[in-house]
Protein chains: 2
Amino acid sequence: MPSNPDPADHRPGQVPLLLAIAYRAMTDHFHSRLAELGREPLRPAHGYTFRYLADHPDATTVDLAAHLGITKQAASKAVAELQDWGYVQRRPHPVDKRAQSLTLTKRGHEYVHLADQLWAEVEQRFAEVIGPDRLAALDQDLRAYIDYVYGDQPVPFRPVW
Amino acid sequence: MPSNPDPADHRPGQVPLLLAIAYRAMTDHFHSRLAELGREPLRPAHGYTFRYLADHPDATTVDLAAHLGITKQAASKAVAELQDWGYVQRRPHPVDKRAQSLTLTKRGHEYVHLADQLWAEVEQRFAEVIGPDRLAALDQDLRAYIDYVYGDQPVPFRPVW
DNA sequence: GTGAAGTGGTCAAGCGGGTTGACTATACCT
DNA sequence: AGGTATAGTCAACCCGCTTGACCACTTCAC
């Protein structure tokens with residue numbers, strides 16, 4: 001069990017930075033686990049792409065671009081990479097001859113599954129440090145805030161930077 | 001008071017993403033306040049630069065680069081911008097004739113002060129949503145985790161992306 | 001003291017992930 | 001049928017950062 005920081009060390013306005021640092025630490029952890037397993041160093045945008053494609057079969061490049069908040073050209077480029085690596089397939093769209101239907105390959109689905117496991121691992125490590133009830137509270141609080149800010153609007157994914 | 005999210009909505013591994021989204025929401029809030037006040041749209045790297053220069057008088061560009069985790073060329077460019085905008089001054093270094101001593105101007109210090117206020121505002125909004133004791137707990141928990149991960153090593157600032 | 005190695009800073013070129021703009025082919029509306 | 005909107009591509013550019021080469025000065029070994 002780690003030492004417990006002094007609550008009095010709070011300085012007003014430091015929490016946003018703490019969020020960023022903690023997130024950074026977690027992504028570092030995630031990526032180092034990924035590297036240990038010998039996986040391609042996929043970038044965060046790829047992760048969000050996977051997630052979206054897994055949840056939206058027959059999505060098009062334009063759909064994806066809208067979801068990621070980038071241009072269709074940029075989305076197209078990302079998809080091309082993922083296709084080269086065998087994670088995604090482009091097929092003729094069932095009804096629209098202009099469009100392509102994007103689907104995850106088996107390898108793509110496996111990756112999503114692995115990523116889920118790794119993120120859970122990372123979170124678990126966090127839980128070990130602060131305790132499971134604190135984690136639950138934190139989870140709830142962050143969702144409350146995100147809900148408060150975005151309500152039912154779509155949530156921007158990428159940490160902007 | 002906002003609705004309270006259901007604790008049961010927790011899915012293992014979602015917390016890292018929630019951190020990212022919440023941070024993104026807060027930076028958006030910060031930047032929109034900045035825009036309201038008619039300030040230049042300084043980028044996060046600039047903020048960290050300010051902070052560092054405020055705390056380390058007579059720092060050099062190389063010091064700054066090391067602190068930010070970027071090359072000295074990139075740091076130099078950032079400093080040049082801030083100098084153009086009147087936030088930073090480059091002066092001959094007191095003892096090393098190769099080096100330049102970087103210092104914040106009065107305007108630079110004012111900006112730091114303003115940024116502190118705005119971040120505190122942002123955090124305050126968060127506190128209103130989740131309650132002050134929850135905020136204190138969250139602050140403490142994040143610091144515990146960051147401590148656990150980095151110990152006494154220097155903390156990487158930038159959210160990597 | 002002097003020469004060699006190290007360090008602060010700049011210039012220039014390149015790269016990656018995004019952008020805008022122009023275009024083709026297909027779809028939809030009236 | 002004709003006009004407008006949309007999926008996708010190609011090309012050029014931008015921006016923040018990198019690597020590499022270099023100069024001026026500093027530090028170290030002897």
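Order of the sequence lines sets the chain letters (A, B, ...), proteins ahead of strands, with each chain counted from 1.
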- Query: For the ring pair B:F50 and B:Y111, is the centre-to-centre distance below 6.0 Å?
  - Reply: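 Ring-ring flag for B:F50/B:Y111: true, centres closer than 6.0 Å.
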Round to the nearest Å and state the distance from [X] atom [atom1] to [N] atom [atom2].
{"X": "B:L64", "N": "C:dT7", "atom1": "CG", "atom2": "P", "answer": "18 Å"}
{"X": "B:Q100", "N": "C:dT7", "atom1": "CD", "atom2": "P", "answer": "18 Å"}
{"X": "A:H46", "N": "C:dG16", "atom1": "NE2", "atom2": "P", "answer": "12 Å"}
{"X": "A:E81", "N": "D:dT9", "atom1": "CD", "atom2": "P", "answer": "14 Å"}
{"X": "A:D58", "N": "D:dA7", "atom1": "CG", "atom2": "P", "answer": "14 Å"}
{"X": "B:I70", "N": "C:dG8", "atom1": "CD1", "atom2": "C1'", "answer": "15 Å"}
{"X": "B:H93", "N": "D:dT26", "atom1": "NE2", "atom2": "C1'", "answer": "12 Å"}

- In terms of the angle between their ring planes, are A:Y87 and A:W85 parallel, tilted or perpendicular, with boundaries placed at 30° and 60°?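 If you compare the ring of A:Y87 with that of A:W85, the planes turn out perpendicular.
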- Heavy atoms only: give me the nearest A:H67-A:Y48 pair and the separation to one decimal. CE1-O, 4.4 Å
- Message: For a quick test of reading the model, state the closest non-hydrogen atom pair linking A:I70 to A:A75 and the distance between them.
- Response: CD1-N, 3.7 Å
- So, are B:R33 and B:E36 salt-bridged, with charged N and O less than 4.0 Å apart?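 Between B:E36 and B:R33 there is a salt bridge, with a charged N closer than 4.0 Å to a carboxylate O.
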- Inspect the contact between B:D139 and B:R143 and indicate whether a charged nitrogen and a carboxylate oxygen are less than 4.0 angstrom apart. yes
- Query: Donor-acceptor pair, B:T105 side chain versus B:G86 backbone, under 3.5 Å?
  - Reply: yes
- Message: Taking A:L102 as the starting point, is it possible to reach A:V62 by hopping between hydrophobic residues whose side chains are less than 4.5 Å apart?
- Response: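 No; tracing contacts between hydrophobic side chains, which count when under 4.5 Å, never links both residues.
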- Short side-chain N/O contact to C:dT10 OP1/OP2 from B:S76, under 4.0 Å: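 Yes, such a contact exists.
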- Message: Does a side-chain N or O of B:T71 approach OP1 or OP2 of D:dC17 to a distance below 4.0 Å, or not?
- Response: no
Give each protein N/O atom lying under 3.5 Å from an N/O atom of nucleotides 11-14 of chain C, with the pair distance.
none

- Note on the structure: Whether each nucleotide of nucleotides 23-30 of chain C has a protein heavy atom under 4.0 Å at its base (B), only at its sugar-phosphate (S) or at neither (-) is summarised, 5' to 3', as --BBS---
- More 5' along DNA chain D: B:A78 or A:T60, using each one's nearest nucleotide?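 Whichever sits nearer the 5' end wins; that is A:T60.
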Anything under 3.5 Å between a donor and an acceptor, one on a side chain of residues 112-120 of chain A, the other on a protein residue two or more places apart or in another chain? List them.
unit_1: A:D116; atom_1: OD1; unit_2: A:R51; atom_2: NH1; d: 2.4
unit_1: A:D116; atom_1: OD1; unit_2: A:R51; atom_2: NH2; d: 3.3
unit_1: A:D116; atom_1: OD2; unit_2: A:R51; atom_2: NH1; d: 3.4

- Please work out if B:A74 contacts a base, only the sugar-phosphate, or nothing of the nucleic acid, heavy-atom cut-off 4.0 Å. base
